[in-house]
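Whatever order the structure lists them in is the order used to number ligands and atoms, beginning at 1. Heavy atoms only: backbone and side chains are in, while hydrogens, waters and symmetry mates are out.
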Amino acid sequence: MAESKKKFIFVTGGVVSSLGKGVAAASIGVLLKARGMRVTMLKFDPYINIDPGTMSPYQHGEVYVTDDGAETDLDLGHYERFLDVNMSQKNNATTGQIYNTVITRERRGDYLGKTVQVIPHITNEIKRRIYAVVRDGEKDYDVAIVEVGGTIGDIESLPFLEAIRQFCLEVGPENSCNIHLTLVPYIKAAGELKTKPTQHSVMKLREIGIQANALLCRCEYRLNKELREKIGLFCNVPSRSVIEARDVKSIYEIPLVFEKEGLGEFLSNHLRLEAGEPDLVEWQNLVQRLGKPSKTVVIGICGKYVNLHDSYKSIIEAFKHAGVANDAKVELRWIDSEEIESKQSADILAGLSGLLICPGFGSRGIEGKIMAAQYVREKKIPFLGICLGMQCAVIEFARNVCGLKGANSAEFNDEAEHKVIDLMETQVDVSQMGGTMRLGAYKCNIDPNSNTYQAYGEEVISERHRHRYEFNNEYIERLTSRGLKIVGVNPDTGLVEIVEHRDHPWFVGVQFHPELKSRILHAHPLFREFVRAALEHASSAENGHVSKETQKNKKGAISS
Ligand code: GLN
């Protein structure tokens with residue numbers, strides 16, 4: 001079973017959660033990719049849910065959807081954004097999935113009368129998934145980076161750690177590496193960085209039978225030579241592999257910090273990689289551009305969870321990518337849609353150069369979102385509506401332009417007079433909650449006469465979905481005759497995927513989630529062009545002529 005030439009890196013976390021294990025794991029991937037390695041990732045989540053699809057955003061943050069329709073942990077978003085590769089359902093596994101597999105086999109009689117136990121049956125299934133990820137169909141990888149969710153000491157993660165211990169023994173020390181992310185806190189009263197929590201965390205790991213090979217030490221201040229030696233001595237790690245992971249302004253700086261700290265070289269030596277010299281020029285340029293934008297643009301982001309930014313992780317990152325592509329800093333102004341309901345739209349939305357309405361579920365704050373969509377349509381402010389955001393824009397248009405006063409989505413009012421957004425047929429009989437939405441990548445044909453086409457430069461695109469409701473095609477005629485443009489349609493089902501407004505410089509609503517495909521080295525075309533339109537709006541507003549002029553400028557625009 002053992003894979004001799006494949007290399008496996010395990011990333012665990014200690015002391016506290018939220019140290020950025022996902023970003024650290026993705027950054028390690030960047031260092032290896034820069035050395036010519038083919039890298040894949042695997043995230044283990046020690047909870048019992050089959051996937052995060054049924055969890056509240058308060059519990060889990062964003063649900064990241066892959067091309068093949070898996071609802072996964074948001075760390076997979078970091079992996080895709082940093083490594084510029086597509087993940088699939090094989091790249092994320094939960095305790096629930098692993099038990100489900102084992103129990104299904106047990107019911108089938110596969111275990112031939114044996115008692116089914118955590119060791120070896122659950123641990124074997126965990127190991128099987130690690131081996132499977134490096135040889136995924138036609139895809140063959142050199143290195144798998146395996147991140148274990150949670151913190152050392154959690155009961156839930158024990159089977160994963162036991163499986164990793166066995167795995168390292170099977171593949172041998174030159175083919176496996178354990179990296180532990182830890183915290184070295186600064187204690188104000190003592191005026192010092194303290195190493196004890198790290199010592200205890202590594203000790204706990206050793207008790208389980210795993211010896212850390214390198215430590216990534218999150219800290220606010222410099223980790224001097226003395227401290228590195230002390231940590232190294234007590235944790236049984238050479239001091240050169242005690243890596244300082246000091247706080248940085250942007251997560252995209254982290255691969256460069258790790259490289260400078262010697263982590264790439266350490267991994268090359270430890271794993272005896274046949275690796276070339278690292279090529280990180282693109283990252284260096286990128287980080288430089290990220291740090292010195294020549295202009296700023298203010299864009300409103302309207303959603304339900306304005307204080308829970310993890311719910312909109314990919315959107316926030318997509319704006320950073322689009323900022324780099326436009327040499328601009330995108331300043332996001334968070335807008336609570338419920339607040340719009342109790343005040344005037346203008347009081348809250350004035351001064352924005354663009355507005356994004358977020359995806360979401362449930363009726364809370366919907367009327368505020370609809371009011372916001374009306375405001376930016378009338379004021380000719382650039383708009384991007386994602387999924388629910390697009391649906392709100394359609395409802396607004398039906399009500400206020402087409403005179404369909406009772407227009408709504410069946411999600412919010414099943415008795416609505418005009419269900420311009422309705423449950424699709426395939427969803428009518430669905431009774432299970434988990435994994436039953438329209439999920440994953442679908443094709444879409446784009447009308448060449450549209451802002452969307454100008455952004456993509458392609459007539460057929462593929463984007464990821466996660467929703468139950470759809471534009472109701474019975475209303476196509478009534479809405480398009482008043483100026484709604486349907487510019488994106490699914491070629492197989494005829495479902496409407498993208499709408500625009502005829503009399504607006506840049507108003508795009510998409511039923512899919514473009515944010516899931518934005519990468520730091522390749523900003524998503526819609527986000528890039530949305531930010532560009534917002535910059536244009538800002539400069540024409542400064543010059544005192546907004547709407548007509550913006551429209552004129554737009555006609556001659558080319559996508560970068
Ligand atoms: N609640 C809407 C639906 O299910 C939109 C979902 C979303 O924004 N992801 O269709």
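Ring centers of H321 and F527: at least 6.0 Å apart, outside the cut-off. Taking the six-membered ring for Trp and the full ring otherwise, the centers of Y456 and H524 sit less than 6.0 Å from each other.
At least one heavy atom of H513 sits closer than 4.0 Å to an atom of ligand 1. At least one heavy atom of Q391 lies less than 4.0 angstrom from ligand 1.
Of all atoms in ligand 1, numbered sequentially from 1 with element shown, those under 4.0 Å from a heavy atom of R468 are 3 (C), 4 (O), 10 (O). Set against the non-hydrogen atoms of C387, the atoms of ligand 1 under 4.0 Å away are 5 (C), 6 (C), 7 (C), 8 (O), 9 (N). Taking a cut-off of under 4.0 Å to the non-hydrogen atoms of E411, the atoms of ligand 1 that pass are 1 (N), 2 (C), 3 (C).
Given atom 9 (N) of ligand 1, the protein heavy atom at minimum distance is R466 O, 2.8 Å.
Between N91 atom CG and E80 atom CD the span is 8.5 Å, to the nearest 0.5 Å. Rounded to the nearest 0.5 Å, atoms CG (N472) and CD (Q391) are 11.5 Å apart.
Remark: R289 does not engage D327 in a salt bridge, criterion side-chain N to carboxylate O under 4.0 Å.
Contact annotation: the side chain of F397 approaches that of L479 to within less than 4.5 Å [non-hydrogen atoms, C-beta and beyond].
For a threshold of 3.5 Å applied to N or O pairs, the pair formed by Y469 and ligand 1 contains at least one separation below that value. Below 3.5 Å of separation, one finds an N or O of G360 facing an N or O of ligand 1. Ligand 1 has no nitrogen or oxygen under 3.5 angstrom from a nitrogen or oxygen of I386.
Within the 3.5 Å criterion, the main-chain N or O of D73 finds a donor-acceptor partner in the side chain of N92.
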